Protein chains: 2
Amino acid sequence: MKFLSFAIFLFLELFVILPSKNNAISQEEVKSILSYFQNERNNFARTATHDNSLPHDLKCKLDQAIIDEIHSYQGVVNAIIELFTKGEFAGKTYEYLAEMTDTFGPRITGSQALEDAIDWVISTASSEGMTVYTENVTAPFFVRNEESLKMVKPRSANMKLIGLGSTVPTPNEGITADVLVVSSFDELTALADKAVGKIVVYDVPFVTYGKTVEYRSRGAVEAAKVGAVAALLRSVTTFSIDSPHTGTQFYSDNVPKIPAACITIEDSTFMHRLQDRGERITLHLYLGAQNYENGTQTRNTIIEIEGSQNPEEIVVVSGHLDSWDVGVGAMDDGGGCFISWMALRAIQKLNLTPRRTFRAILFSAEEQGMYGGDAYFLAHGTQKENFQLMMESDFGTFKPHGIFFSGTDEATCMMKEIVSLTALLGTTQLSSPADTPDLETFGEVGVPRGSLMNENDHYIWYHHSSGDRIDVYNSTHLDEVAALWTAVSYVAADVTFFLPQ
Amino acid sequence: MKFLSFAIFLFLELFVILPSKNNAISQEEVKSILSYFQNERNNFARTATHDNSLPHDLKCKLDQAIIDEIHSYQGVVNAIIELFTKGEFAGKTYEYLAEMTDTFGPRITGSQALEDAIDWVISTASSEGMTVYTENVTAPFFVRNEESLKMVKPRSANMKLIGLGSTVPTPNEGITADVLVVSSFDELTALADKAVGKIVVYDVPFVTYGKTVEYRSRGAVEAAKVGAVAALLRSVTTFSIDSPHTGTQFYSDNVPKIPAACITIEDSTFMHRLQDRGERITLHLYLGAQNYENGTQTRNTIIEIEGSQNPEEIVVVSGHLDSWDVGVGAMDDGGGCFISWMALRAIQKLNLTPRRTFRAILFSAEEQGMYGGDAYFLAHGTQKENFQLMMESDFGTFKPHGIFFSGTDEATCMMKEIVSLTALLGTTQLSSPADTPDLETFGEVGVPRGSLMNENDHYIWYHHSSGDRIDVYNSTHLDEVAALWTAVSYVAADVTFFLPQ
């Protein structure tokens, strides 16, 4: 539903207004589309993964020639699987991912670590004989600095917190204020007169990521509207060992910007109980955050194998290399980057020469609001190139089950057939829709997209927390994910037919 | 095995040497026994729970009169269960435990919070018309103060840590030193010459609590023996969200005392990988710990219902009210205390008058080395009182399954019969041995002991970490635990027969 209004807008822009202008979309118009997207995101945040549903019951009637062609790839798919699970690449995805995350640590946009990691990818991929280049991305960035939260009343306690991306700092002396705990925006509205001058604590239980994250995205704005001086949000997770989780949040014009941070489930429920017992709660909050809205320049990193027959047609596998500044982003989204990179390494290793150009894109500045994906759409999303399939993995690379896909029914039938080739891995499931944050805009203009279906039930336990470390992963499962990712994308890059858009 | 030598010692002391001295054990002799115990603990730490085995296959041949008597309690057991699960006490255990932990927070020995919590128990139990009194306990204590761990090389990183109880502080300027990572004491011995001047990191995977905790208990001593300047231990847990866990550790005479702390699984494996890649690792460690070996005075809190017919015979239910200074000790061991206290509340509420004296003991200073239990043994463990049954719950109060028991075969048969009365709760399992840290010494002199069998597979996830909060518990399960605990202990307190010792 969140994109309904956008879809109408897009329809008007692309198919009614734009074609009248010489059938080409100008850069300015693309920027306007992106700007609309950015606002949509700011208002509603990104919807969840985890609630993908089974695809509608397709009655596939593919031409036998297409089915036969797909099945002619069984041998090469088996070779890919063999390479990752028993061959030279076994264990390599984990090993490289561990090395990268160990060496550079967290890679938040604006950090030297992110740029160093990008340089390391360039250098390593080059040394492997791959074609690698970067494209500039400008994105706002955020520096956390010191931050702290202390309970002053009814007893003394140090509380864990993580300031949210783009939060304003507190004054130097911090903010000392009483607390109002609410469970929802509705409750905040009902208690609006009690919120004046307070720190609003949103003790909102997790429902789905998409629904609950709204409180992270616009909690500060809604609290500020009723006169609160700061907003603290129960971390968006289903499980906690006193674990705070960060993420982005957004301000609105004409609403005062108040500091915003996440606290742990435990401290959120604690304060809720105190309030229910009639206790007065006073906190001291300090956030030293600095925001650089004019932005920094970072880079999308692209590793590429040129198409042997149709180089102007492209298949993309991708992830984002930037992370939050807590944890090391092994999961969000080192895994997505490395299976994509490994896909190209494997194709090279097996001396395969796909018909189409095959690209691994390691996006940058995703966590700040998908700036890398937007920059890529700005540069490539018009009619310059034809994208056969774009895949992104950004929701964990745990034990794989198959592929999520968004595309036409006919394309879905083709993808089901392609994914069926991975029977050796047991990863033949196909479901819809795909969830590809950096590629969402491409989806809106009709490009078929894929994402990874994997056993990521506990993804949200580590997401945007200091628990996002390589230890969440299993090396064998990472090999299986890489094999699936490589097999599906390679076949899409090499088949003679174009996925219908 | 760890108590084999002690058992021999005890046999000699109690049955050979001591009886020759007028058949009574003097206070000095009891102190000697306790001192021996303390040394045993220092050397080997406490063995684990979680590896209790099924009881040997007992062929029970109880007198029918005993069986009949036990089953005559079915009605009262059902009433107890009803009270907790559907009656006035439903939800109360969680509510009271939340109130206590919310109000006082962590209750480490030596803290005002612990003494305030004890006063609150006294005041609340008194107001309920219960008999409540305290007995003094002297115990060493530990104040954490500031502490920090930073990686200096090969890259900059802040690492989480928690200093171990009784650790010496670092110098004011901290310790900056290179790291040697080992996986075991054997590896440390093999690499002894490389440990000189280093910070030894024990990256020891969890096997069982009993086995792995040895590295926490004597890691600093073994590292110091080979010339290390500090010891850091991978936290003793099976699962981590970058979660450090504290605990006690012990120094030895004639071995330099070096600082000791726990780090997270993630940082431990991180440094291990760096070392495996040949990287030089340098850390800066600061611990501001203060130890007060002369101790502080704290109190065991005893709530009591005097026996109506045999007041000199005692049934004990217990837990320990002190906790670590991280988390709030809702699990370790607020739950054990509150189900014990609730047992007496329930008996009072139901106007039951047990034949024997029925005591809830909320031990103090357990985490420092079971000082509360030792003090109780010192005061009560000679022939002053007859203990029918002593139960302690100190390994979680999650969904209950039954009772662990340590005693003679005949007593075990009687307990199986008693536990069978809780069929309404589905908690009729009985297994051996019991695990009752504060009552271990009583066990060695033959007192039958019980502990709680519960679904505590994840206990170790929160144990001694800041995740030990009320949120780990489920209110309904706590009611079931309290009902089981009350039923079993009340029947033992009221039956005409004495459990054979």
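The structure presented is a predicted model; accordingly, all values stated were derived computationally and were not measured. Throughout, a chain's letter reflects where its sequence line sits, starting with A, and its residues are numbered from 1.
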Undergrad: Can you confirm whether A/Ser465 sits close enough to B/Ile241 that some side-chain heavy atom of one is under 4.5 Å from a side-chain heavy atom of the other?
TA: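 Answer yes - side chains close enough.
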
Undergrad: Please classify the contact of B/Ala157 with chain A as side chain, backbone, both or neither, using a heavy-atom distance under 4.5 Å.
TA: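 Contact with chain A is absent: no heavy atom of B/Ala157 under 4.5 Å.
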
Undergrad: Pull out the residues in residues 261-275 of chain A that come under 4.5 Å of chain B, heavy atom to heavy atom, sorted by number.
TA: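 Within residues 261-275 of chain A, near chain B: A/Ile265, A/Glu266, A/Asp267, A/Thr269, A/Phe270, A/Arg273, A/Leu274.
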
Undergrad: Heavy-atom distance under 4.5 Å to chain A: side chain of B/Glu279, backbone, both or neither?
TA: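 Neither part.
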
Undergrad: Under 4.5 Å from any heavy atom of chain A, what part of B/Ser466 do you find: side chain, backbone, both or neither?
TA: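 Both parts, backbone and side chain.
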
Undergrad: Among A/Asn158, A/Asp102, A/Thr101, which has the most heavy-atom pairs under 4.5 Å with chain B?
TA: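 Greatest number of close heavy-atom pairs with chain B: A/Asp102.
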
Undergrad: Between B/Phe239 and A/Tyr462, what is the ring plane arrangement, given parallel below 30°, perpendicular above 60°, and tilted in between?
TA: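 B/Phe239 vs A/Tyr462 ring planes: tilted.
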
Undergrad: What part of B/Asp471 gets closer than 4.5 Å to chain A, counting heavy atoms only: side chain, backbone, both or neither?
TA: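 Side chain only.
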
Undergrad: Pick one of side chain, backbone, both or neither for B/Val328, based on which atoms fall under 4.5 Å of a heavy atom in chain A.
TA: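 Just the side chain, heavy atoms under 4.5 Å.
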
Undergrad: By a 4.5 Å heavy-atom criterion (distance strictly below it), what part of B/Ser156 contacts chain A: side chain, backbone, both, or neither?
TA: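 When you check distances to chain A, no heavy atom of B/Ser156 falls under 4.5 Å.
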
Undergrad: Would one find more than 12 heavy atoms of other residues, nucleotides or ligands at under 6.0 Å from atom CD of A/Glu88?
TA: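 Not more than 12 within 6.0 Å, no.
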
Undergrad: Ignoring hydrogens, what is the shortest heavy-atom contact between A/Arg155 and B/Thr103? Give both atom names and the distance.
TA: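 Smallest heavy-atom distance, with atoms named: CD-O, 3.1 Å.
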
Undergrad: Sort out for me which of B/Ala98, B/Ser240, B/Ala113, B/Pro154 touches chain A most, counting heavy-atom pairs under 4.5 Å.
TA: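 Heavy-atom pair counts peak at B/Ala98.
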
